[in-house]
Protein chains: 2
Amino acid sequence: MDVLARAPETRFETLVDELREAILTGRYRAGERLVQEDLAEAFRVSRIPLREALRRLEGEGLVIISPNRGAIVRPLAPKDIVDLYDLRLALETLAVRRAAERYADVREATTRRREEAAAAVESGALTTLFRLDRDFHADLAAASDNPHLVAALGGQWSQIMRIMHAYLRVGTYAPNVWQEHSGLADAVAHGDADGAAERLRLHLTTSRDRILADLWDKGPVSR
Amino acid sequence: MDVLARAPETRFETLVDELREAILTGRYRAGERLVQEDLAEAFRVSRIPLREALRRLEGEGLVIISPNRGAIVRPLAPKDIVDLYDLRLALETLAVRRAAERYADVREATTRRREEAAAAVESGALTTLFRLDRDFHADLAAASDNPHLVAALGGQWSQIMRIMHAYLRVGTYAPNVWQEHSGLADAVAHGDADGAAERLRLHLTTSRDRILADLWDKGPVSR
DNA sequence: CGCGCAGATATTGTATACAATTCTGGACTG
DNA sequence: CAGTCCAGAATTGTATACAATATCTGCGCG
């Protein structure tokens, strides 16, 4: 057998992840055309897996495909930010309530990552920072024991990550985010569903308002 | 120009709808293998648009694709029913609250369809009945003015329709569903967010319990 | 200056071919 | 007789090429 562990992934799977990452980080900007031939060459694949990947991302709401006209990166308007956070709050509130009812101990989801996040802030590694944020909330969602909810939230996180990359800077990213994460995890672990829901609401509304405040400074840009 | 309105749809789009419909109505049953060559022949298309359609349905959670092993119709366990209704309640509660805040008049969404549904019950046209049900709730969701929420709910409805087709009969389908729809639409139109949310909760929990009760009769079938 | 049409461009759909992986059934071995 | 292994079948994954269709662009013409 091979010394190196063989990646069992198909080209479609890696391609979806790479393309999603490229859109999330702004390498392909909002409204930009995604020409199949160009993408296929850039990612060293043929058009078949590429088309499948585009269809998947279309399903996630990251790209828009018009028949015979091609794909573009979906534009993001300020209202999208409000709507997405509204939706995310509803989904994640359900998640933390269910997790609290089960007394799920999600505290290690913070302790493990808290100092890593601090280091990322220090070095300005924004992508790492956002990934840690997402991973924490993903663990929280998984604690709900509702796979369908986890899947729905997973789809929304693509959009959230796009917003973060587009509008957050080290100076904008709240320094006490991980403090809020800890309090949230504690409430869940103690079975305090109402407290967890309220902490989540505060956490998300402040995050959203921080983004919106930053947005007004720079004008209604669609990146 | 042509007399007949030309369908501007691509094969992928029609294929997704046809395949989804086939799975929803049980033509392909849970766990059944979906062989690409066979499907391509059955729907008179080549494998490329077929693969794209399967990827889309995989994203909707209707099929499961294993690398090099092919696609199957996703099995539905009783816990899935509970989880899906839990998720749906959270999403739709947000929708009706937002709709109520806007005093959205969704009452014609019931009046138009109420007698049509009664006729469908009479003639035993279950598929028509389910479609009317979905259309009402889709109108309700649209009244929230949150496209992302509408999209999320749309994805969940594929699963809900599967459950309905699998477990509901004319005798099981509640006769006063459309009465509840009317009350819900009235509350929304009067801007009574709390009342609408409570009516929705009752509507969905009774629907769910009816399905679960029917399920225990027949045993834990995965159709 | 506006309009329309032809060519260029791009995408979609399809066919074909082949590689890679998984599954299957039976022969072989202990 | 049970278990293993292997060759071939079946299926999926990918690449290439090409026809059909739709869109876009720019030029000529009235």
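Just so it is clear, the values below take in all heavy atoms, side chains as well, and ignore hydrogens, waters and symmetry mates. Within every chain, numbering begins at 1; the chains are lettered A, B, ... in the order of the sequence lines, protein sequences first and strands thereafter.
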**Prompt:** Is the shortest side-chain N/O distance from A:Thr10 to OP1 or OP2 of D:dT12 below 4.0 Å?
**Reply:** no
**Complete:** Residue set satisfying ring pair (Phe, Tyr, Trp, His ring centres under 6.0 Å) with A:His148, at least two apart, ordered chain then number -> none
**Message:** Checking side chain to side chain contact (heavy atoms under 4.5 Å, CB included) between B:Tyr85 and each of B:Ile211, B:Asp209, B:Asp80, B:Thr205, which is the one that passes?
**Reply:** B:Ile211
In this structure, how many angstroms lie between the [atom2] atom of [N] and the [atom1] atom of [X], rounded?
X	N	atom1	atom2	answer
A:Arg11	D:dT16	CZ	P	10 Å
B:Glu13	C:dT12	CD	P	10 Å
B:Phe12	D:dA22	CZ	P	19 Å
A:Phe43	D:dA15	CZ	P	14 Å

**Item:** Parallel, tilted or perpendicular: ring planes of B:His181 versus B:His137, cut at 30 and 60 degrees
**Value:** perpendicular
**Request:** Please work out which of the three classes, parallel, tilted or perpendicular, describes the rings of A:Tyr28 and A:Phe43, given edges at 30° and 60°.
**Result:** tilted
**Prompt:** Is A:Asp86 salt-bridged to B:Arg98, cutoff N-O under 4.0 Å?
**Reply:** yes
**Fill in**
Residues in residues 45-59 of chain B with a heavy atom under 4.0 Å of DNA chain D, by number, are B:Arg47, B:Arg51
Would you list the pairs meeting salt bridge (Lys or Arg N to Asp or Glu O under 4.0 Å) in which at least one residue belongs to [range], sequence neighbours left out?
range	value
residues 40-50 of chain B	none
residues 58-67 of chain A	A:Arg20-A:Glu60, A:Arg55-A:Glu58, A:Glu58-B:Arg56
residues 30-39 of chain B	none

Atom pairs, protein N/O to nucleotides 7-11 of chain D N/O, distance under 3.5 Å:
none

**Request:** Assign each of B:Arg44 and A:Ala71 to its nearest nucleotide of DNA chain C by heavy atoms, then name whichever residue's nucleotide is nearer the 5' end.
**Result:** A:Ala71
